[in-house]
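Lettering of chains follows the sequences in order, A, B, ..., and the numbering in each one begins at 1. Keep in mind that what you see is a predicted model, and the values were worked out from it rather than measured.
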Protein chains: 2
Amino acid sequence: MDDIDRKLVNILCADGRTSYAELARQVGLTPPSVQDRVAKLERTGVIVGYRAVADPAKIGLNVTAAIGIGTQSGREYAQIASEFEKIDEIESCYFVAGRESYLIKVRVPDMSDLQDLLERIGAIPGVAETRTTIAITTHWEGRPQEVKDRELTHGNRRPKLIRRSRMGQLGGFHR
Amino acid sequence: MDDIDRKLVNILCADGRTSYAELARQVGLTPPSVQDRVAKLERTGVIVGYRAVADPAKIGLNVTAAIGIGTQSGREYAQIASEFEKIDEIESCYFVAGRESYLIKVRVPDMSDLQDLLERIGAIPGVAETRTTIAITTHWEGRPQEVKDRELTHGNRRPKLIRRSRMGQLGGFHR
DNA sequence: CATGAAAAGAACTCCTT
DNA sequence: AAGGAGTTCTTTTCATG
C-alpha cells in the first residue's frame with residue numbers, strides 16, 4: 001500500500017467505473033501497471049467490490065429508518081444476526097455497544113411496510129425491544145472516506161503528529 | 001421503468017463494473033440497447049453513481065459509530081447540517097424524527113479520533129448533546145436492495161396484494 | 001514492479017427498422 | 001425503442017528492462 005495505491009482506492013471509491021486508462025493518466029502509470037495494482041487491491045481485500053448507487057426514492061424505497069434492537073440476556077448473539085440476515089430490508093447490521101445490542105438500517109417503500117417489518121423483527125426469538133428512528137431528510141449517505149497515508153494496511157501505524165487536512169464536500173452523490 | 005430496467009439496476013447494484021456486453025446477455029438485448037437504457041437510468045437519476053467499496057479496516061478506519069445529535073430549539077436545521085458537511089468523517093447524515101434531531105454515521109481510525117471528532121461536533125453552534133453508539137461487529141453494510149416490480153418510479157403504486165418473496169443473502173460483500 | 005507493443009474485446013456513434 | 005455495422009478506445013496478455 002503506497003501513495004499510488006491509496007490514490008487508486010480514492011479515485012475508485014469516488015467513481016467505481018473509472019477505466020484503467022483513466023486511472024493510469026491520473027496516477028502517472030501505464031494501464032497494465034494500474035490493472036496489476038487494482039487486481040492486487042481486490043485480491044487482498046482492500047477493494048471488496050463495486051456497486052451502482054441507486055436513488056432509493058426512485059426505486060420506490062421512500063422510508064429509511066435506523067432501528068436499535070435490545071435483546072434478552074442469555075441469547076446467542078450470532079443466531080439473532082443470522083435471523084436478521086434473512087430480512088432483505090435490512091441494508092446494514094451492526095452489533096453495538098450502547099443502549100441496544102444491535103443497530104440496523106432499513107429501507108422500505110412506505111410506513112405500512114415499516115410496521116410490517118417491525119412486527120417481523122419483534123417476532124424473532126431473543127429480540128426484546130426495538131427503538132425506531134425515522135429519517136426525514138437524508139442529507140447524504142455513503143460518502144467515500146479519503147484514504148490517508150497514516151492509515152496503513154495493518155497495525156504498523158505511525159504516531160499522530162499533525163491533524164490531517166480536511167477535504168471539502170458537496171451535496172448529493174459525493175465525489 | 002420496465003422489468004428490464006429493474007433488472008439492469010439490480011445487476012449494477014450488485015456489481016457496478018458489469019460490462020454492457022454482459023448486461024446485454026443477462027437481459028436478452030444487444031449492447032447498444034442496454035447502453036441506451038443505462039444512460040437513461042443515469043440521466044433520470046435512478047442510478048446516481050458508481051463506487052468501489054473499500055474494506056474500512058484495510059484502509060485504517062477501525063471504528064464505526066452512529067451518533068445521535070440533539071439540537072437547541074430555535075436553531076436553523078439546515079445550517080447545522082452544512083456544518084456537518086464540512087466534517088469528512090461523517091459518512092452519512094440524516095435529519096430524523098425520534099429521540100434526537102440528527103443521526104450521523106462516522107468512521108475514524110481509532111478511539112482517540114472519535115473523541116476528537118465528538119469534541120468538534122460538540123463545538124458546533126446549536127448542537128446540544130450527542131449520544132454515541134459504537135459498532136463492535138459490522139455484520140454487513142450497504143447490502144443492495146432488490147428493485148421489485150411494485151416499486152414504481154413515482155406515486156403510481158398498485159395496491160399490495162401479496163407479501164413478496166425474500167432473497168437469501170450471505171456475509172461480507174453481498175451480491 | 002513498470003513498460004511497450006500487439007491482439008482481443010468492449011464501448012460508442014450512426015443509421016435503419 | 002431495438003438491432004446491426006463500423007470506428008474508436010480500452011482491456012488484456014506477454015515479452016522485456
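- The nucleotide whose nearest atom lies closest to any side-chain atom of Gln35(B) is, among dA2(D), dA11(C), dT11(D), dA11(C).
- In this structure, OG1 in Thr18(B) is found 5.5 Å from CG in Leu12(B), a value given to the nearest 0.5 Å.
- Results of the side chain to side chain contact (heavy atoms under 4.5 Å, CB included) test with Ile87(B) over Ile104(B), Val106(B), Ile124(B) single out Ile124(B) as the only residue that passes.
- Remark: the backbone N or O of Glu85(B) is not paired with any side-chain donor or acceptor of Trp140(A) at under 3.5 angstrom.
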**Q.** Chi angles and distances behind the side-chain hydrogen bond (donor to acceptor under 3.5 Å, both in side chains) call for Glu83(B), Gln79(B)
**A.** CA-CA 7 Å; Glu83(B) 288 300 314; Gln79(B) 201 185 318; 5.9 Å; no
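- Not one N or O on the side chain of Ser33(A) forms a donor-acceptor pair closer than 3.5 Å with the backbone of Leu29(A).
- In this structure, CG of Leu23(B) is placed 18 Å from P of dG9(C), rounded to the nearest angstrom.
- Classification of Glu100(B) and Arg131(B) as a salt-bridged pair holds, one side-chain N sitting under 4.0 Å from a carboxylate O.
- Closest to the side chain of Lys40(B), from the set dT3(C), dA2(D), dA1(D), is dA1(D).
- A straight line from CG of Asp5(A) to P of dC1(C) spans 9 Å, rounded to a whole angstrom.
- Of all nucleotides listed (dA1(D), dA2(C), dT13(C)), dA2(C) comes nearest to the side chain of Ser33(A).
- Taking only side-chain atoms of Arg37(A), from C-beta outward, the nucleotide of dA2(C), dT10(D), dG3(D) with the closest atom is dA2(C).
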(Q) Dot-bracket for DNA chain C, please. Rules: Watson-Crick or G-U, both distances under 3.5 Å, ( ) within the strand, [ ] when a pair crosses earlier ones, | for another strand, . otherwise. (A) .|||||.||||||||||
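- Using a 4.0 Å heavy-atom criterion, one finds that Ser19(A) contacts the sugar-phosphate atoms exclusively.
- Using cut-offs of 30° and 60° on the angle between ring planes, the pair His139(A) and Phe95(B) is perpendicular.
- If you take CG of Asp36(B) and C1' of dA11(C), they are 13 Å apart, rounded to a whole angstrom.
- Atom OH in Tyr50(B) sits about 11 Å away from atom P in dA11(C), given to the nearest Å.
- For the pair Glu42(B) and Arg17(A), the salt-bridge criterion is not met [side-chain N within less than 4.0 Å of a carboxylate O].
- In the set dA2(C), dG3(D), dT10(D), the nucleotide with an atom closest to the side chain of Leu29(A) is dA2(C).
- Distance Tyr20(A) OH to dA8(C) C1': 16 Å, rounded to the nearest Å.
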Pairs: protein N or O with nucleotides 14-17 of chain C N or O, under 3.5 Å:
none

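- Aromatic rings of Tyr102(A) and Tyr94(A) (six-membered ring for Trp) have centroids beyond the 6.0 Å cut-off, not under it.
- Here Arg17(A) does not reach the OP1 or OP2 of dT10(D): none of its side-chain N or O atoms lies under 4.0 Å away.
- Look at CD on Glu22(B): it is 9 Å from P on dA10(C), rounded to the nearest Å.
- Here the P atom of nucleotide dG3(D) and the CZ atom of Arg25(B) are 15 Å apart, to the nearest Å.
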